[in-house]
Amino acid sequence: MKTNILNIIGLICIVCGFAACSDDDRTGSINVSGECLVQEFVLNGQYTATINTEKRLIKVKVPVDYDKKNDMEITSLTISAGAKSNLKVGDHINLVADKTLHVTNGDLVMDYQVAVRNDEAIMKLFLLEGVKGAINQADKTVTVSVTANSGIDLSNATFEVECSEDATCSPASGTRGNFTEPFQITLTDNTATNVYTVYAIMIDKPKALFVGEAENIEMLNDEEKAAAKWLTGNITGSAYASWSDVASGNVSLDECKFVFFHRHCPSYGTYNGFVEAEKDAMSALAKMKECWKRGVGFVLGRSAVNFAIALGAMPEDAFPNNVWGGGGGEGSDLMGDDPWHFYAYDITHPLWKNLKTYPGAPENAIYTLDKDYTICNTTSQYGFWGDYEGREAAVEAKTGGRALIGDNSVSGWELKAADGQYGKGGVICFGSGLFDWNSPTPYVSNYHDNMGTIMMNAYSYLTGE
């Protein structure tokens, strides 16, 4: 009896299976023989769209002063034969915000973004030999601050302009100009035109300073050059100076509030080794000490963290005991899809504000390097003092400061100002190899943008601005 019942059930399943297959044969075919292309799109009888099928973008440009995007009529719409769309000729639509044009053809579906944009000729960014200019949109002026030792020949300097999406500039970005006098650049986008006047100003008294061995920025090694150009390109009133300039008084420190010293070179295992090798830096020590004692903040990167001892901000026997690396910028490509990071001991510290975070990462993970970035990986950090859990306290006891970042070692720490307080006038030490400014290989910058954010946070924290 049991066998008969099972046979009956099996027969029913087979019959149902054939029925299902038969239904699929009749109704399950997919029609993908057509296309869902938009061939023409016109608004108000005069504004013809530029259609980018790859990006699924239909962009309509209107005059700079056009203010009736809330009621625009579709006067022409041509799509693939046999296709249908959710919008049609004669429709009046509000295009203050972008709209979606939904096109179907059989079982094919394609959505386009319909965007109406006013003509615009706005300068977004100006660089003079890598130095960022301050743009005043109200009066269309650009101010660039440079120093005599920057290595820039103002009479024949290369400039770069980043402007609004469809605008062009004349003279063209990437060409040279004479900036010893006001220099005009014209931006144009159909009905929109703006003329910007660039003023290059020689700085006598910088408020922020990158210091290095070379006579000018262009003579630094690539890692240090990238760090120096970040400072001069992002903090108004900043400049580069060589140690000899500082020692000889060629550069005024009267209004300096912030010093950045980032040294990429073979690491030093002792403080004496640093002193012996960095004679140029030590020649300016007296003036740097004066700065620290009057409340100037310092950021020290890589091998430069030993300079904190020279300033008197850290005991002489507290030099990093876990160091390696060096060379001219070589390193190993970061493998895999994950960017690299270190961990913050206190994620609420002002240094870590407004950083890009990696989805699913621990809250205290600080990302600074992207996929495909090649790292120099010169490192000056603390390790091997007790177990991992006690390492932070051991470093703090040794340095008199407090640990900022680390992983299996403490690779970043903060020291007090001359007045004995943290913050304004203090010293930030980034000994981590992940505090890296230059990749000799191409990469897409995303988390590396955090480097600039961290530095801007450090500038505000150490200067009180």
Side-chain angles (χ1 to χ4, degrees), residues 47 50 52 55 57 59-67 69 96 98 115-147 150-203 206-208 210 217-218 225-226 228-240 354 356 444-446 448-449 451-453 455-456 459-460 465:
Y47 303 123
T50 300
N52 188 320
K55 294 183 177 180
L57 176 64
K59 185 169 71 172
V60 180
K61 295 296 293 292
V62 295
V64 61
D65 57 354
Y66 186 85
D67 60 358
K69 291 188 284 187
V96 172
D98 296 353
V116 176
R117 300 286 184 263
N118 290 87
D119 295 336
E120 184 180 62
I122 301 297
M123 186 179 292
K124 304 286 188 179
L125 176 70
F126 179 86
L127 297 174
L128 184 65
E129 298 282 1
V131 179
K132 187 177 181 180
I135 302 173
N136 186 321
Q137 298 292 358
D139 60 12
K140 299 298 182 288
T141 60
V142 183
T143 304
V144 188
S145 300
V146 297
T147 57
S150 64
I152 298 175
D153 178 6
L154 291 180
S155 67
N156 189 34
T158 301
F159 68 92
E160 297 176 68
V161 174
E162 180 182 310
C163 45
S164 44
E165 186 176 7
D166 297 309
T168 58
C169 70
S170 178
S173 176
T175 57
R176 293 179 178 271
N178 179 6
F179 291 89
T180 60
E181 55 191 27
F183 186 84
Q184 291 191 328
I185 299 175
T186 302
L187 271 60
T188 305
D189 176 23
N190 296 322
T191 63
T193 300
N194 280 309
V195 178
Y196 288 78
T197 303
V198 181
Y199 299 91
I201 299 174
M202 300 299 289
I203 302 174
K207 71 174 186 178
F210 186 99
I217 284 182
E218 295 303 325
K225 184 193 302 183
K229 286 194 171 183
W230 180 89
L231 185 77
T232 57
N234 289 276
I235 296 181
T236 304
S238 61
Y240 172 81
N354 303 320
K356 294 181 181 179
V444 177
S445 183
N446 182 25
H448 195 251
D449 295 346
M451 292 283 290
T453 304
M455 283 298 295
M456 290 303 298
Y459 178 81
S460 297
E465 291 188 359

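Note that this is a predicted model, so its numbers are computed, not measured. In what follows, residues are counted from 1 in the order of the sequence shown.
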Carefully, step by step, assess Thr453 and Asn354 under the rule side chain to side chain donor-acceptor pair (under 3.5 Å). CA-CA 7 Å; Thr453 304; Asn354 303 320; over 6 Å; no

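- Of all the heavy atoms in Pro182 and Tyr199, the pair that sits closest is CG-CE2, 3.6 Å.
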Quick one, Thr236 with Lys132, criterion side-chain contact (heavy atoms from CB on, under 4.5 Å). Give me CA distance, side-chain angles, the key distance, then yes/no. CA-CA 8 Å; Thr236 304; Lys132 187 177 181 180; over 6 Å; no

Evaluate side-chain contact (heavy atoms from CB on, under 4.5 Å) for Ile122 paired with Gln137, printing each intermediate quantity in order. CA-CA 8 Å; Ile122 301 297; Gln137 298 292 358; 3.5 Å; yes

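- Using a 4.5 Å heavy-atom cutoff, the side chains of Val198 and Phe159 are not in contact.
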Under the side-chain contact (heavy atoms from CB on, under 4.5 Å) criterion, do Met456 and Trp230 qualify, and how do the steps go? CA-CA 10 Å; Met456 290 303 298; Trp230 180 89; 3.6 Å; yes

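- The shortest side-chain heavy-atom distance between Lys69 and Asn118 falls under the 4.5 Å cut-off.
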Can you list the steps and then say if Val195 with Thr186 is a side-chain contact (heavy atoms from CB on, under 4.5 Å)? CA-CA 4 Å; Val195 178; Thr186 302; 3.7 Å; yes

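- For the residue pair Asn52 / Lys59, no side-chain donor-acceptor distance below 3.5 Å is found, with atom types taken as modelled.
- A heavy-atom distance below 4.5 Å is not found between the side chains of Tyr66 and Arg117.
- Here OH of Tyr196 is found 7.0 Å from CD1 of Ile135. Values are rounded to the nearest 0.5 Å.
- Glu129 is listed as a side-chain neighbour of Arg176, based on a closest heavy-atom distance under 4.5 Å.
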